[in-house]
Amino acid sequence: MHWSPTQLALRERLISAAQDDPRIVGLLCDGSHSAGRGDEWSDLDVSVFIRDEAFDAFWAGWRTWAAEFGDLLLGYISWVGHPWAVYAAEPVPLRVDFDLHRASTIDAVRDWPSSIMSRDVALWYDDTNGRLANAINSLVGRSLAPGDLRAAFTQQCGDFWYEALYAFSRLMRGEIWIARQAFHTRTVEPLIRLLRLEAGAVERWQASPSAAGLEAALSANRLDQLDRCIPGPGAADLARALHEAALLAYAVCAAIANTHGWEWPERLATRVLELTDSDQSTRV
């Protein structure tokens with residue numbers, strides 16, 4: 001774990017501000033730094049716990065509050081529904097994910113899909129008589145692996161073959177961009193998760209991007225096969241990439257199923273392979 005000077009400075013400013021702000025009862029860092037993976041390229045994930053009676057006003061003015069801690073280049077409500085900010089910094093502008101919580105929800109922290117190295121690393125400020133400190137004890141060393149590997153395989157396997165067929169159908173209809181969007185956002189995701197299951201790299205399954213640490217998790221051969229699934233411009237190359245993805249998913253699904261004795265939709269996979277074969281895809 002490595003903190004950049006800008007990250008450390010922002011951390012100290014936030015702690016100092018919390019100590020002087022009676023509305024704030026706790027600060028928790030539950031991102032990559034608290035898990036021991038942070039570096040100068042990482043964002044900061046900062047949960048701010050606010051007294052219930054002050055929460056609505058704090059939320060309404062959060063951007064003004066955030067601007068006190070540096071040169072704020074961006075501050076907005078992100079697609080996940082809470083504030084994201086970007087501060088001027090080197091070697092790259094610093095991203096901060098601010099998650100605002102009512103103090104009454106502190107006990108729910110115990111159920112967060114997060115894993116931290118230690119309470120001391122993650123807990124930046126606690127004015128709750130130890131309630132927040134006790135809540136995050138359950139996050140120390142927590143496994144983020146799926147609770148049921150078979151259920152995870154069944155879902156990811158189903159998602160891949162369903163979405164691959166969807167992308168193919170859009171491609172055949174001539175809707176190239178929706179086919180491309182479906183391939184990148186809905187087909188590659190379960191493929192990567194299937195690869196992680198095959199490699200046994202499931203320790204960060206929850207609450208992390210599926211591709212996090214993928215280069216270290218997969219064999220050189222599997223990475224090479226995955227690279228061949230990257231489409232170039234044009235419908236024909238998208239069709240080629242979709243077929244490469246189907247070939248790889250077939251091999252991975254079969255390997256996992258054979259290892260564990262699990263069922264998988266092999267008949268559907270065979271049909272999708274036939275449809276996406278280059279000879280068929282010349283109709284695009």
Side-chain angles (χ1 to χ4, degrees), residues 1 26-39 41-49 78-84 95-102 105-124 132-163 184-219 222-223 226 249 252-253 255-257 259-260 262 264:
M1 178 176 61
L27 293 177
L28 171 62
C29 173
D30 63 324
S32 56
H33 277 92
S34 66
R37 302 187 308 272
D39 60 19
W41 306 103
S42 300
D43 68 349
L44 293 180
D45 296 277
V46 182
S47 292
V48 186
F49 294 88
S78 72
W79 64 271
V80 298
H82 55 251
W84 281 1
R95 294 166 291 121
V96 183
D97 180 345
F98 287 116
D99 199 355
L100 310 183
H101 302 272
R102 298 178 188 272
T105 67
I106 283 175
D107 290 341
V109 170
R110 303 175 191 274
D111 300 319
W112 285 7
S114 299
S115 182
I116 62 177
M117 291 174 59
S118 70
R119 191 175 71 180
D120 291 342
V121 170
L123 186 59
W124 287 2
L132 180 56
N134 289 333
I136 69 172
N137 281 336
S138 61
L139 305 182
V140 178
R142 168 173 285 176
S143 172
L144 298 180
D148 185 332
L149 286 175
R150 183 170 187 173
F153 170 68
T154 298
Q155 179 185 342
Q156 299 304 322
C157 188
D159 282 350
F160 177 84
W161 295 109
Y162 187 99
E163 298 294 357
H184 284 291
T185 63
R186 296 166 53 171
T187 307
V188 173
E189 170 72 15
L191 174 58
I192 290 175
R193 291 203 175 272
L194 287 167
L195 286 162
R196 297 195 78 95
L197 283 169
E198 182 192 34
V202 296
E203 65 279 358
R204 294 170 60 187
W205 187 267
Q206 302 179 56
S208 289
S210 60
L214 198 66
E215 292 83 357
L218 302 188
S219 68
R222 283 299 195 224
L223 285 171
L226 186 58
V252 173
C253 287
I256 296 172
T259 296
H260 297 280
W262 295 339
W264 71 288

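- Within the 4.5 Å cutoff, no side-chain heavy atoms of V80 are placed close to those of D99.
- Contact annotation: the side chain of D43 never approaches that of V96 to less than 4.5 Å [non-hydrogen atoms, C-beta and beyond].
- The closest side-chain heavy-atom distance from R142 to Q206 is not below 4.5 Å.
- With rounding to the nearest 0.5 angstrom, the CD1 atom of I256 is 5.0 Å from the CZ atom of F153.
- Between S208 and R204, the shortest heavy-atom distance links the atoms CB-O, 3.3 Å.
- Here the CZ-OG distance, from R193 to S210, works out to 5.0 Å after rounding to the nearest 0.5 Å.
- Of all heavy-atom pairs between S32 and D45, the closest is N-OD2, 4.2 Å.
- Residues R196 and L214 are in side-chain contact: their nearest non-hydrogen atoms beyond the backbone lie under 4.5 Å apart.
- Residue pairs that meet the salt bridge (charged side-chain N to carboxylate O under 4.0 Å, His left out) test with at least one member in residues 105-124, sequence neighbours left out, are D107-R131.
- Put simply, CG on L28 and CD1 on I136 are 5.5 Å apart, with the number rounded to the nearest 0.5 Å.
- Counting heavy atoms from C-beta outward, H33 and V121 have side chains that stay 4.5 Å or more apart.
- In this structure a side-chain-to-backbone donor-acceptor pair under 3.5 Å is missing from N137 to V140.
- P113 approaches A207 most closely through the heavy-atom pair O-CB, 3.0 Å.
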L226 and L191: CA distance, side-chain angles, deciding distance, side-chain contact (heavy atoms from CB on, under 4.5 Å) verdict: CA-CA 9 Å; L226 186 58; L191 174 58; 3.9 Å; yes
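- Exactly one residue among L194, V252, I192, V188 makes a side-chain contact (heavy atoms from CB on, under 4.5 Å) with F160. That residue is L194.
- Once rounded to the nearest 0.5 Å, the distance linking OG of S118 with CG of L123 reads 10.0 Å.
- A donor-acceptor contact under 3.5 angstrom links the side chains of D97 and H82, judged on distance only.
- Put simply, the side chain of V46 reaches to within 4.5 Å of the side chain of F98, judged on heavy atoms.
- A donor-acceptor distance shorter than 3.5 angstrom exists from the side chain of R95 to the backbone of W41, with no hydrogens or angles considered.
- Residues L149 and W262 have side chains in contact (heavy-atom distance under 4.5 Å, counting atoms from C-beta outward).
- Nearest heavy atom pair, residue G141 against residue S115, reads C-OG, 3.7 Å.
- In this structure, the side chain of S34 engages the main chain of G31 through a donor-acceptor pair within 3.5 Å.
- Taking the ring-ring contact (aromatic ring centres under 6.0 Å, His included) definition, one finds that W124 meets it with nothing, sequence neighbours left out.
- What you find for L132 and L27 is that their closest heavy atoms are CD2-N, 4.2 Å.
- Ring geometry for H101 against W112 counts as tilted: the plane angle lies between 30° and 60°, on a 0 to 90° scale.
- A pairwise comparison of heavy atoms in V109 and L139 identifies O-CD2, 3.5 Å as the closest pair.
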